[in-house]
Protein chains: 2
Amino acid sequence: MSGVCADCAVRDVALCAVLSDSELARLNSIGRRQRISKGATVQWAGDESIMFANIISGVVKLSTGTADGREQIVGLLYPADSLGRLFALRVDYDATALTDAELCTFPRNAFERVLGDFHHLERQLLARTLGELENTRRWMLLLGRKSAEEKVATFLLHITERLKPTDCPGAAKGSHTYELPLTRGQIADVLGLTIETVSRQMTRLKTNGVIALPDSKRVTILQPQLLQDLAEAA
Amino acid sequence: MSGVCADCAVRDVALCAVLSDSELARLNSIGRRQRISKGATVQWAGDESIMFANIISGVVKLSTGTADGREQIVGLLYPADSLGRLFALRVDYDATALTDAELCTFPRNAFERVLGDFHHLERQLLARTLGELENTRRWMLLLGRKSAEEKVATFLLHITERLKPTDCPGAAKGSHTYELPLTRGQIADVLGLTIETVSRQMTRLKTNGVIALPDSKRVTILQPQLLQDLAEAA
DNA sequence: CGCGCTTTTGAGTGGCATCAACGTGGGTGG
DNA sequence: CCACCCACGTTGATGCCACTCAAAAGCGCG
């Protein structure tokens, strides 16, 4: 097996985990690495769906909005997650890099052909898609029924969970400080709130000693249990 | 091919549409029809995931809630839609019949085995799941960013669309009257609103001549275009 | 140092929730 | 057959949470 997959950071956690080395070689032959810089848009809603990709590093947002400019982030993609709309002619949502990112991209048609040949890969994708659907539905409870405080607490727990394994070099173990890949405005777009409300809730959590904010991008979870309680009760 | 599938109302629109008659016979052999009466819960969140089903008739809600009793409906399932959590040990959401309903149920394990044998069925399921994910994400924009008026207008358009093909005997063509399978409270749980707000918005739409309400369960769309506008702009 | 962008903080408003009362229709039992 | 009940829906009064508007403070950068 040649170069590209050999040193892949997500070889064992992404979709590809179910592939043998020889199978991986086949996939490798149609894929290529792509670097995306922070803020760059990978695809626009309505674009022709020609690409499928796995995220190697970085965080990507999926977003949509109303005609008058309100925006809603409908998904956050982390390393080992997949990006792209299979089996459809057009892409449904904007995809934008929140950090510098690295993608492993494939032409959609070619990837779908590989799926047909590697049944276990297709099954893995189905299982992950079902999981993603479940996560998305859980987020609906947050959007529809939770208060601003609960939303922010839930978000902090979520991002803590997702950033722990791969993206957080400083956090050896027991440390709880993270660098947020989202601005306050983007957090607001995830939670269905405004910038100001997010900011107020964050400072409130700081004031109450639940978290600390070394600077505006970094968060330290001081009382995980309390944060957990705030995320679920009024 | 024996009885059960022969007279199935959704034979050509559900998952099974991609199966030949002989393949269908195989699926038939592990499935059985089940009647569910209105209000009955098919599965509880946390239950062991042992069942997969296609909906033949009726409407089923998928819901979740907070510890203190707030509820959010995270999905509405119509005829030809599928129900159940494959590839997982436990079910994620409550599933409750909103109307009398008819299901075509399979043991989960057996169904997963059939999926393995009928590759095109698995692909069809994957494609449908991706579509469902897309629809769910679109609903997030509604929950996070739309006003009460936009929410109600969007819901009325949605239900109109979904009820048109199969479930609406009275609506020959050009008629725009539908029977809502949801109470005001359930609509509120879909939209992340309260009963009172839903009621007020409905009477407001009636007052403005956009819809008519022959009785509290029936809705007539008088001005579809206007409703469309209300659904998307402030 | 000054410029732009993000974040914070403050004051005021408004949309939706909450609380409460009343109306309505369908089912049940006397 | 009617009185009753109960779940559902409507309508009104009030309050609060989050939005809006506004301004100042922090931060990176040329």
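Numbered from 1 within each chain, the chains take letters A, B, ... in sequence-line order.
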Taking the side chain as every heavy atom from C-beta outward, state whether [X] and [Y] have any pair of such atoms under 4.5 Å apart.
X: B/L227; Y: B/L156; value: yes
X: B/L86; Y: B/F52; value: yes
X: A/I159; Y: A/P181; value: yes
X: A/D229; Y: A/Q225; value: yes
X: B/T154; Y: B/R138; value: no

- Message: We want to know whether A/Q72 and A/T64 form a side-chain donor-acceptor pair, criterion being a heavy-atom distance below 3.5 angstrom.
- Response: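 Their side chains do not contain a donor-acceptor pair, so the 3.5 Å distance test is not met.
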- Message: Is a donor from one side chain sitting under 3.5 angstrom from an acceptor on the other, for B/S147 and B/E150?
- Response: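 There is such a pair (donor and acceptor under 3.5 Å, judged by atom type) between the side chains of B/S147 and B/E150.
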Grab the [atom1]-[atom2] distance between [X] and [N] for me, whole Å please.
X: B/E149; N: C/dA17; atom1: CD; atom2: P; value: 14 Å
X: B/I195; N: C/dT18; atom1: CD1; atom2: P; value: 11 Å
X: A/R204; N: C/dT9; atom1: CZ; atom2: P; value: 14 Å
X: A/K146; N: C/dA17; atom1: NZ; atom2: P; value: 18 Å
X: A/K206; N: C/dT7; atom1: NZ; atom2: P; value: 14 Å
X: B/R70; N: C/dC16; atom1: CZ; atom2: P; value: 18 Å

- Query: Side-chain N or O of A/S216 less than 4.0 angstrom from OP1 or OP2 on C/dT8?
  - Reply: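 For A/S216, the contact criterion (side-chain N or O under 4.0 Å from OP1 or OP2 of C/dT8) is not met.
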Can you name the atoms? Protein N/O to nucleotides 19-23 of chain C N/O, anything below 3.5 Å, with the distance.
unit_1, atom_1, unit_2, atom_2, d
C/dC19, N4, B/E196, OE2, 3.0

- Earliest and latest nucleotide of DNA chain D, 5' to 3', sitting under 4.0 Å from a non-hydrogen atom of chain A?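 It runs D/dA18 to D/dC21.
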- For B/L76, what residues pass the side-chain contact (heavy atoms from CB on, under 4.5 Å) criterion, not counting sequence neighbours?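 Residues passing side-chain contact (heavy atoms from CB on, under 4.5 Å) with B/L76: B/K61, B/I73, B/Y78, B/L98, B/F155, B/H158, B/L182, B/V190.
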- Task: Quick one: list whatever passes side-chain contact (heavy atoms from CB on, under 4.5 Å) with B/A95, sequence neighbours left out.
- Result: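 Per chain and number, B/A95 pairs via side-chain contact (heavy atoms from CB on, under 4.5 Å) with B/V42, B/Q43, B/V60, B/L62, B/L83.
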- Task: Find which nucleotide of DNA chain C each of B/L193 and A/L213 is nearest to by heavy atoms, and output the residue with the more 5' nucleotide.
- Result: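 Comparing both residues, the 5'-ward one is A/L213.
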- Query: Would you call the rings of A/F106 and A/F111 parallel, tilted or perpendicular if under 30° counts as parallel and over 60° as perpendicular?
  - Reply: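 Taking A/F111 first and then A/F106, their aromatic rings sit tilted (interplane angle of 30° to 60°).
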Side-chain donor-acceptor pairs under 3.5 Å in residues 213-221 of chain A, sequence neighbours left out?
unit_1, atom_1, unit_2, atom_2, d
A/D215, OD1, A/K217, N, 2.9
A/D215, OD1, A/R218, N, 3.4
A/T220, OG1, A/T177, OG1, 2.8

- Specify the residues of residues 180-189 of chain A, ordered by number, for which at least one heavy atom lies under 4.0 angstrom from an atom of DNA chain C.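 DNA chain C contact set from residues 180-189 of chain A: A/T183, A/R184, A/G185.
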